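One structure is given here, and the rest of the page talks about it.
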Amino acid sequence: MENLYLPKLVTIEDAYLETPDVKSFRLVFKDEALRESFTFKTGQFGLYSAFGLGESTFCISNAPTRKGYIQCTFRKTGRVTGGLFDLSIGDTMGFRGPFGNHFPIDEWKGKDITFIAGGIGLPPVRSVILNCLDRREDFGDITIVYGSRCVEDLVYKNELQHWNDRDDVALYQTVDPGGETPDWKGEVGFVPMILEKAAPKPKNSIAVICGPPIMIKFSLSVLEELGFSDNDVYTTLENKMKCGVGKCGRCNVGDIYICKEGPVYTAAEIKKMYYDF
Amino acid sequence: MSQENTEETQATETTETFEPKIMAFVCNWCTYAGADLAGTSRMEYRPNVRIIKLPCTGRIDPLFIIKAFENGADGVLVSGCHPGDCHYTAGNYHAKRRWIAFRSLMEFTGIDTRRLQFSWISASEALKWVDLINNVTDEIKALGPFMDFKNLKG
Amino acid sequence: MEKALREKARELLTTGEANVIIGYEWNRRKTRATPAFITKADEVDRLIFNPLCVNNLSIYLTRKNKDILRMGKPAIVAKGCDIKNIVVLISEGQVKREDVVIIGMSCNGVVYKQGLWKGELRPEIMPVKCHNCDVRNPHLTDFVIGDHIDFTPPETPRGMVFDKIAALDAKTPGERWSFWLEEFSRCIKCYACRQACSLCYCERCITEKNVPQWIETSAHQRGNIAWNLVRAMHLAGRCTFCGECERSCPANIKLNLVNQKLVLTVKDAFDFKSGYDEKIHPPMIVFSPDDTENFIK
Amino acid sequence: MKAMYLKKAELGKLISSVQDSGALFVGPVVDAGNVVYKEIGSASELTGDYIIPVTTYKQWVFPQTEVVATFAVTKEGVDLDGVDLDPPDVVVFGARACEAASLASLRSVFTWGEDDEFYTRREDRITVITVGCTAIDDECFCTTVELSPASTTGSDIYLRETTDDEYMAVAVTKKGEAFIKAHHGVFHQKRAAEPELVELKLPEPIKGIKKEKISAWLARTDNYQSELWPRLTRKCFGCGACTFSCPTCHCFDITDEGTAFGGERRKNWDACQFDHFTAHASGHNPRDTQFKRWRNRFMCKFKYYPDKFKTTGCVGCGRCIRVCPVRLDITEVMEEISQISE
């Protein structure tokens, strides 16, 4: 019987503590055939099981161009993520997915791309960044603005270093005022302010945003001032999900089921939705 | 419930050698110390009891007791400092009020109150602890496995 | 009576003594009374009061209903039995006495379920609480609407609930267990009992606490027994026997029996009846060194 | 297929015939003062004196709680087992026309995109035998939502009572035809004169309600913020009685039960009326007050279902009105919306 709710078993191949409460896993399917056949698109998400505790939803944070494994990053907040957080290399967990729509990267060929992320909002964006970097010649300028509350809370520190070292990426790292350490070399200030400073050119350009609602709100108005069209600004909507397949009825924003029709939307599409955030 | 439980239940049903599982919720300062004294004094008593130590009997939520039964306990023992001896002055008095109501509720619901026992045991009463555990174990052994809860459909 | 109520409501709204009147109004067909929130003085004529006004409106004073709290200072239309709940809310620090205007209604009784109403209040359709009511003249009020009612409740409470409790007490534990198993098995976990209860005011109920998941949320026997026992226990010494939980239960589970059993237990053990004096602490948060029991070894 | 007849006195025969075939027979019985659907053993348990049972028969296609996977955690890893569902045949007798129409709505959700076989396998094996209503109450409003006691949508067999204590049975679907054939010993053809049918009772359509006006008003996203929502629905205190007794409500939760060593994953009914239904782990809740949750229920019935799934979201059975502890009447909201949009 086709069981929509039956997860696939995955093994934690690598685990990495990003911040005191954020962990990244690198997962491989137990089923070797599935390792080969599994594909996903950038922006899609999965449901991750800690057996005995339940399932939790977060994005797949690696790029589909790097095959054979899944990466995810999550913050320990509740029952399931708390359980997942306690797992370590070699442990088994469950995965269902991939679900949802994806970023239309192929349509972005030849354009400049600006990534704007805050805190734990970087993982979904990372998938797009990696995808774009793997096909670097397809795109114009790449700008990344990433900030968090404090230096300790920045995720993917190694990767940030790597992006910083590249000549073909403009990386702006920032922490909220008061969150800096004495040896902090990045910016200090909220993400929207730094975005204003980075001032990406709006023409022939795409912006991808992910982060806390308040950051999204102010970044959107900055982008608007810079002259970005709502059709060129992408974000991913996150809502509580249980089934991932449009049955359980809780992720809807108005008539839109985020898990099936989302989570990736342009700002223009979001403005047309019922206000149910 | 875990498969371990159901297997064990089935096993105990078929044999004469039923060994009850007894859950004891005890306070850190008196009963636990009493049980500890029994241990350090090399007193022997029935191994059927599993102890959960809490700071005070006032911390014992009736929910713990329900949860213990749900998870396959055949009996539950709750024990703490004698009235007036509470390390936190009055935790056991509050607990006593709660137990009066809870025991009445359990009785009204039809749960055999012999499976839910309460006692006061001080840090020096190792003997009382040993006797209590032996008695409670015998009593619950005689009652057999607590099928009321084990038979609940999950 | 309704006229006096409307006048009082108009006065409270115009003077600004209250911003919202929580009362009752007719439904569209005028067959049922339903809660109403009146904020404008020219709408007070919607207010009604009759034996169909069975809801315990004190639920709207709790923090569960934040959007109602945001409407401003409430004046609540309350029968004596509803006032008992307000008293408990005050004694537990949930509501400040000065933050609510209580319009007490003299009451001759209500109907247990509104569907039973055929235009006349007969004893058979009244809930047990009404037959034993000692607060037909409301006890904690700012204003009383209606005439003084001469009614002396029976010395020892009577009625079906008490008979059933006595009958159950006389049975063996095994029989009681099967009775409750059957009752609780019908539970569908809609939590109407919790939501209807003004004393279940937690913003996060124990069933919603999931680290660990104390009470299984599935509506199977195990989860249902745990939920119903814990709900009853959380109301021990607090329940005023307003009966809203049982009335709201779509599965007709006899919640009044467990609740009243605990009311009786608390009365016997601590000589306390909840809902009469807002200055006395509820029995489960205080103690007396003289509390006696016969089961602690 | 021609109309067949079934003597009321021979229901017992039908029940044993169904049970002999290995199927469950579900019908309305009185339980603790309520008429509910229940699996029954004999005809004496059935009641004929009801408007509509308080509970729905959706529990036989979408159980309140069901295991979707079991797992055991061992040193080596996790043993995970799916469920190979083989549900029994179920015959629901005495359904009402309104409720029968709801299975199509549930199916549309559970087969949208991927098929939820926990639902479809059960629904494939259910036979719905509807009895036309000869009594109604104030809460019935099927005629307001374009159904009626005479509609056969969703029924497999439609029964009408006759004045000589029989049912006239019309097979609506192939499944119904097959059912009558399988139990042909109980059904018979009328030989004498045409029987007289007991007249159906139809609720008067509520005049103030205009369906097109409601959809047009709901379609405007600015009306989502209308003051009407809090005004009419703030008395709702957020229990799940309406959703759990609704034949088209489909929301569920997926939860794990057990210990660190093993347990099961369950699919349980859930309700959009509960405050934690949409709450994020961060504490943010998109529907943080009760009127927003109630608004979602209304929108789901009258906007999302019709637009997205092309099925009806509300069949007018009136159960949500009957069970509501604060008597929040969905038709009053429909009427109000129809009127303000004039």
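Bear in mind the structure is a predicted one, so any value in this text is a computation, not a measurement. Quick note on labels: first sequence line is chain A, next is B, and so on, each numbered from 1.
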- Query: Which bit of S245(D) is near chain C, if near means a heavy-atom gap under 4.5 Å: side chain, backbone, both or neither?
  - Reply: neither
- Item | Option that, when pairs with chain C are counted at under 4.5 Å, heavy atom only, ranks first among D288(D), D138(D), D270(D) | D138(D)
- Contacting region of E335(D) [heavy-atom separation from chain C under 4.5 Å]: side chain
- Contacting moiety of D256(D), where chain C heavy atoms sit under 4.5 Å: neither
- Parallel, tilted or perpendicular: which fits the ring planes of Y60(C) and F37(C), with parallel below 30° and perpendicular above 60°? perpendicular
- Salt-bridge criterion met for E208(C) and R194(C) (N-O under 4.0 Å): yes
- Task: If the plane angle is over 60° it's perpendicular, under 30° parallel, otherwise tilted; pick one for F302(D) and F298(D).
- Result: tilted
- More than 12 non-hydrogen atoms from neighbouring residues, nucleotides or ligands closer than 6.0 Å to NZ on K201(D), yes or no? no
- Ranked by heavy-atom pairs below 4.5 Å to chain D, first place among R186(C), Q213(C), E182(C), Q114(C) goes to R186(C)
- Verify the distance criterion only: is there a donor paired with an acceptor across the side chains of T289(D) and D67(C) at less than 3.5 Å? no
- Message: I'd like to know if the side chain of N19(C) pairs up with that of R70(C) as donor and acceptor (distance under 3.5 Å, no hydrogens or angles considered).
- Response: no
- Message: Any salt bridge linking E216(C) with R266(D)? Criterion: basic side-chain nitrogen under 4.0 Å from a carboxylate oxygen.
- Response: no
- By a 4.5 Å heavy-atom criterion (distance strictly below it), what part of A32(D) contacts chain C: side chain, backbone, both, or neither? both
- Query: So, N268(D) and S218(C): side-chain donor and acceptor under 3.5 Å apart, yes or no?
  - Reply: yes
- Item | Aromatic ring pairing W229(D)/W217(D), orientation class (parallel under 30°, perpendicular over 60°, tilted between) | tilted
- Message: Given heavy-atom pairs under 4.5 angstrom as the criterion, report whether the side chain, backbone, both or neither of R28(C) touches chain D.
- Response: both
- Measure distances from D275(D) to the heavy atoms of chain C and classify the residue's part below 4.5 Å as side chain, backbone, both or neither. side chain
- With chain C, the option among H276(D), Q273(D), Q290(D) that has the most non-hydrogen atom pairs under 4.5 Å is H276(D)
- Query: At a heavy-atom separation under 4.5 Å, does N252(C) approach chain D through its side chain, its backbone, both, or neither?
  - Reply: both
- Query: Hey, is CG on D42(C) packed in by over 12 heavy atoms from elsewhere, all under 6.0 Å?
  - Reply: yes
- Task: Look at R204(C), E244(C), K64(C) and state which one has the largest set of heavy-atom pairs under 4.5 Å with chain D.
- Result: R204(C)
- Can you tell me if S58(C) and N56(C) form a side-chain donor-acceptor pair at under 3.5 Å? yes
- Largest heavy-atom contact set with chain D, pairs under 4.5 Å, which of T217(C), I253(C), I22(C), I59(C): T217(C)
- Item | Contact winner vs chain D - A36(C), A192(C), G115(C), heavy-atom pairs under 4.5 Å | A192(C)
- Message: Check E336(D) with R231(D), please: is the shortest side-chain N to carboxylate O separation under 4.0 Å?
- Response: yes
- The interface call for N27(C) against chain D, heavy-atom contacts under 4.5 Å, is both
- Under 4.5 Å from a heavy atom of chain C, the part of I206(D) involved: side chain
- Distance under 6.0 Å and angle within 45° of ring axis: R295(D) vs Y224(D): yes
- Between R234(D), R319(D), K267(D), which has the largest tally of heavy atom pairs under 4.5 Å with chain C? R234(D)
- Would you call R96(D)-E99(D) a salt bridge at under 4.0 Å N-O? no
- Task: Would you mind checking which part of T31(C) comes under 4.5 Å of any heavy atom in chain D, side chain (CB onward), backbone (N, CA, C, O), both or neither?
- Result: side chain
- Any residue of residues 322-333 of chain D which, by heavy atoms, sits under 4.5 Å from chain C: V323(D), P325(D), V326(D), R327(D), D329(D), T331(D), E332(D)
